[in-house]
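One structure below.
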Amino acid sequence: MATDAMPRFPDGFLWGVSTSAHQIEGAAGMRGPSVWDAFTAEPGRVKDGSTAAVACDHYHRYREDVALLAGLGVDAYRFSVSWPRVESPGGLDFYDRLVDELCAAGVRPVPTLFHWDLPAGLDWLERDTAARFAAYAAVVAERLGDRVGTWITLNEPAEHTLLGHALGVHAPGRELLFDALPVAHHQLLAHGLAVRALRAAGATDVGIANSHGPTWPASDEPADRDAADFYDVLLNRMFSDPVLTGRYPEGIGELMPGSPEETDADLEIIAEPLDWYGVNYYAPTRVGAPQGTETGSGGVTLPAGLPFSVRPIEGRPQTDFGWPVVPEGLTELLTGLRDRYGERLPPVMITENGCSYEGLDDRERIAYLDGHVRALHRAVEAGVDARGYFVWSLLDNFEWAEGYARRFGLVHVDFTTLARTPKASYGWFRELVRAQRCPPVG
Ligand code: FCB
């Protein structure tokens, strides 16, 4: 663990932790089904055969969890609102109670409106889902807007498109490859319409949480560079160019559903200016020319025929998930986004960063987080306007297709007793936040 004093972040910088509804809430019987319920019910979809029916039972234990947040001393808590729960009678009452509890504890609520748990009857291949999302956003904002100032529309539409609809390893389990592109466009349209709906309901602090990571070419060979550029478009530009510049990367707009005129009209909505831009960062990806059947990050088997292959990053520590630990990738990423988008990039918040490790004495997690917070500070020193950092995650939780096998929490959850036990990293983060609030010395 690094022992040098952590450099100081600008005044007003937000320190927080993140979770998502499907991964922690449980109480599945008290909401409508989502695409994830159907997916996890299919044998073989989730590695340990588990479901999120109970998960951390946060629905019933939210008071204990808010007390953990208060004990941590964070400024803000990023959670997600479950659309299927909101559609169920009394579903919004839960978020009402949660927001009240957070406000009473002095923790700013930062809800994400969509973190992958689409109501089972809906489909992102349908354009109409975008308008429905905006209507749902308006209902939530109407109810919580008197106490919630900061909103996130979507979480990682890139992963939801790629893993859920192109590769079929997440819900809804479709393997459409490039025919999944309408899913990207409809989520982006949903984002833009929701920004308008939130603003109409009085919101003044709206962002999105997009996943990003530097893409490193496997070599200087043109074939590897081209493959890396292509991957960079898929991961780093397809969802940020439209949001920040009102255009798709070259060659992508033509592949979207609708006429060019319709796409242009949609892009105007998609590019509704944001108050801030959320970045989820875990690791860079090393990419080369295709090699046959490929393995992607996190061990996902990629189908043959893709124009790239994902290569291992050697010589780095790895998390339990097998992800390489590359803190300086965060500095590279943020300065790269600033250089790419210039004035169009609003202030940035790191809406997710974290790692999976076993154990309560989780020194590797402390080292990971320490390294990444310092890397973030280097980006700030290089002129990136970063305003917040959220650790993924408060609690060990249901890690999608991995089930309960990957533990990302600052707090350990025993999934038999549901007991919460703060890990060493919880104490470390609490001290970091506390020290950042002390008056500067000298
Ligand atoms: C992100 C997801 C989040 C969690 C972390 C580990 O891609 O947004 O729900 O699964 O990865």
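Everything numeric in this text was worked out from a predicted model, so none of it was measured.
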* Asked: Mind checking what makes side chain to side chain donor-acceptor pair (under 3.5 Å) contact with Glu332, not counting sequence neighbours?
  -> Trp216

* To do: Can you see which heavy atom on Ala137 is nearest to which on Ala194, and at what distance?
  => CB-CB, 4.0 Å

* **Heavy-atom donor-acceptor pair, Ser50 side chain to Val46 backbone, under 3.5 Å** => no

* Asked: Of the non-hydrogen atoms in Pro182 and Leu125, which two are nearest, and what is the gap between them?
  -> CB-CD2, 4.3 Å

* Would Arg31 and Asp37 pass as an ion pair if we require N to O under 4.0 Å? -> yes

* Asked: CG/Asn236 to CG/Leu337 distance, rounded to the nearest 0.5 angstrom?
  -> 7.0 Å

* To do: List the steps and the verdict of salt bridge (charged side-chain N to carboxylate O under 4.0 Å, His left out) for Lys423 and Asp361.
  => CA-CA 6 Å; Lys423 303 179 189 177; Asp361 188 16; over 6 Å; no

* Asked: With sequence neighbours excluded, what pairs up with Leu118 under the side-chain contact (heavy atoms from CB on, under 4.5 Å) test?
  -> Val35, Trp83, Phe114, Leu122, Trp124, Thr129

* Asked: Is there a donor-acceptor pair closer than 3.5 Å between any side-chain N or O of Ser20 and the backbone N or O of Ser80?
  -> no

* Salt-bridge contact Arg63-Asp65 (side-chain N to carboxylate O under 4.0 Å) -> no

* Apply side chain to side chain contact (heavy atoms under 4.5 Å, CB included) to His186 and Phe133, showing your working. => CA-CA 10 Å; His186 295 151; Phe133 179 71; over 6 Å; no

* To do: Go through Glu381 and Arg378 one step at a time and tell me if the salt bridge (charged side-chain N to carboxylate O under 4.0 Å, His left out) criterion holds.
  => CA-CA 5 Å; Glu381 281 172 339; Arg378 279 193 284 280; over 6 Å; no

* Hey, are Tyr136 and Glu87 close enough side-chain-wise for a donor-acceptor pair under 3.5 Å? -> no

* Test item: side-chain donor near acceptor, Glu159 and Ser211, under 3.5 Å -> yes

* Asked: Does a sphere of radius 6.0 Å around CD in Glu142 hold more than 12 heavy atoms from other residues, nucleotides or ligands, not counting ones at 6.0 Å or beyond?
  -> no

* Within the side chain of Asp241, is there an N or O that forms a donor-acceptor pair under 3.5 Å with the backbone of Tyr248? -> no

* To do: Evaluate the ring planes of Tyr404 and Phe415, with Trp represented by its six-membered ring, and classify them as parallel (under 30°), tilted (30 to 60°) or perpendicular (over 60°).
  => tilted

* Partners of Arg196 by side chain to side chain donor-acceptor pair (under 3.5 Å), sequence neighbours excluded? -> Glu272

* To do: Report yes or no: is the cationic atom of Arg78 (NZ for Lys, CZ for Arg) under 6.0 Å from the centre of the six-membered ring of Phe390, at an angle within 45° of the ring normal?
  => no

* Asked: Salt bridge check: are Asp123 and Arg174 linked by an N-O gap of less than 4.0 Å?
  -> yes

* What residues form a ring pair (Phe, Tyr, Trp, His ring centres under 6.0 Å) with Tyr95, not counting sequence neighbours? -> none

* To do: Please indicate whether Asp11 has more than 12 foreign heavy atoms, meaning atoms of other residues, nucleotides or ligands, lying under 6.0 Å from its CG.
  => no

* Structure fact -> Smallest heavy-atom separation, Pro324 atom then Pro284 atom, equals CG-O, 4.5 Å

* Kindly say whether Val279 contributes a backbone atom to a donor-acceptor pair with the side chain of Thr351 at under 3.5 angstrom? => yes

* Can you list the steps and then say if Arg199 with Asp205 is a salt bridge (charged side-chain N to carboxylate O under 4.0 Å, His left out)? -> CA-CA 9 Å; Arg199 293 246 166 83; Asp205 197 29; over 6 Å; no

* **Pair Glu364-Thr319, side-chain donor/acceptor within less than 3.5 Å** => no

* Which atom of Leu193 lies closest to which atom of Ala134, heavy atoms considered -> CB-CB, 3.6 Å

* Asked: Partners of His412 by ring pair (Phe, Tyr, Trp, His ring centres under 6.0 Å), sequence neighbours excluded?
  -> none

* To do: May I ask you to decide if Met6's main-chain N or O and Arg8's side chain share a donor-acceptor pair within less than 3.5 Å?
  => no

* Report the residues that fulfil side-chain contact (heavy atoms from CB on, under 4.5 Å) with His170, sequence neighbours left out, ordered by chain and then residue number. => Trp36, Trp116, Leu163, Trp400, Ala401

* Please confirm whether the backbone N or O of Pro312 pairs with a side-chain atom of Arg286, one donor and one acceptor, at under 3.5 Å? => yes

* Asked: Quick one: do Asp96 and Arg147 make a salt bridge, cutoff under 4.0 Å?
  -> yes

* Between Arg316 and Glu328, is there a salt bridge with N-O shorter than 4.0 Å? -> yes

* To do: Tell me, please, which residues at least two apart from Phe429 pass ring pair (Phe, Tyr, Trp, His ring centres under 6.0 Å).
  => none

* Structure fact -> Nearest heavy-atom approach of Leu167 to Leu302 is CD1-CD2, 3.6 Å

* **Glu402 vs Asp48 side-chain heavy atoms within contact, under 4.5 Å** => no

* Please list, chain by chain and in numerical order, all residues satisfying side-chain contact (heavy atoms from CB on, under 4.5 Å) with Glu358, sequence neighbours excluded. => Asp320, Arg407

* To do: Answer yes when Asp75 and Arg437 have at least one side-chain N-carboxylate O distance shorter than 4.0 Å, and no when they do not.
  => yes

* **Residue pairs involving residues 336-369 (criterion ring pair (Phe, Tyr, Trp, His ring centres under 6.0 Å); sequence neighbours excluded)** => Tyr368-His372

* Asked: Between Pro109 and Cys103, which heavy-atom pair has the shortest distance, and what is it?
  -> CG-SG, 4.2 Å

* Donor-acceptor under 3.5 Å (Asp362 side chain, Ser425 main chain) -> yes

* Consider only side-chain N and O atoms of Asn353 and Tyr389, and report whether a donor and an acceptor are under 3.5 Å apart. => yes

* Asked: Hey, do the aromatic rings of Tyr281 and His212 have their centres closer than 6.0 Å?
  -> no

* **Short side-chain to backbone donor-acceptor contact, Asn397 and Leu395, under 3.5 Å** => yes

* Structure fact -> To the nearest 0.5 Å, atom CE of Met349 lies from atom OH of Tyr277 at 13.5 Å

* Any donor and acceptor pair, going by atom type alone, linking the side chain of Thr51 with main-chain N or O of Thr40 inside 3.5 Å? -> no

* Asked: side-chain contact (heavy atoms from CB on, under 4.5 Å) with Ala200: which residues, sequence neighbours excluded?
  -> none

* **Sidechain N-carboxylate O distance under 4.0 Å for Asp370, Arg374** => yes

* For Phe239, enumerate each residue passing the ring pair (Phe, Tyr, Trp, His ring centres under 6.0 Å) test, keeping only those at least two apart in sequence or located in another chain. => none

* Kindly determine whether Tyr282 and Leu330 satisfy side chain to side chain contact (heavy atoms under 4.5 Å, CB included), including the steps that lead there. => CA-CA 8 Å; Tyr282 288 91; Leu330 181 57; over 6 Å; no

* Could you list the residues that satisfy side chain to side chain donor-acceptor pair (under 3.5 Å) with His115, not counting sequence neighbours? => Asn155

* Asked: Donor-acceptor pair, Arg85 side chain versus Ala27 backbone, under 3.5 Å?
  -> yes

* Asked: Hey, mind stepping through Gln436 and Phe13 against side chain to side chain contact (heavy atoms under 4.5 Å, CB included) and telling me if it holds?
  -> CA-CA 9 Å; Gln436 288 287 324; Phe13 191 88; over 6 Å; no

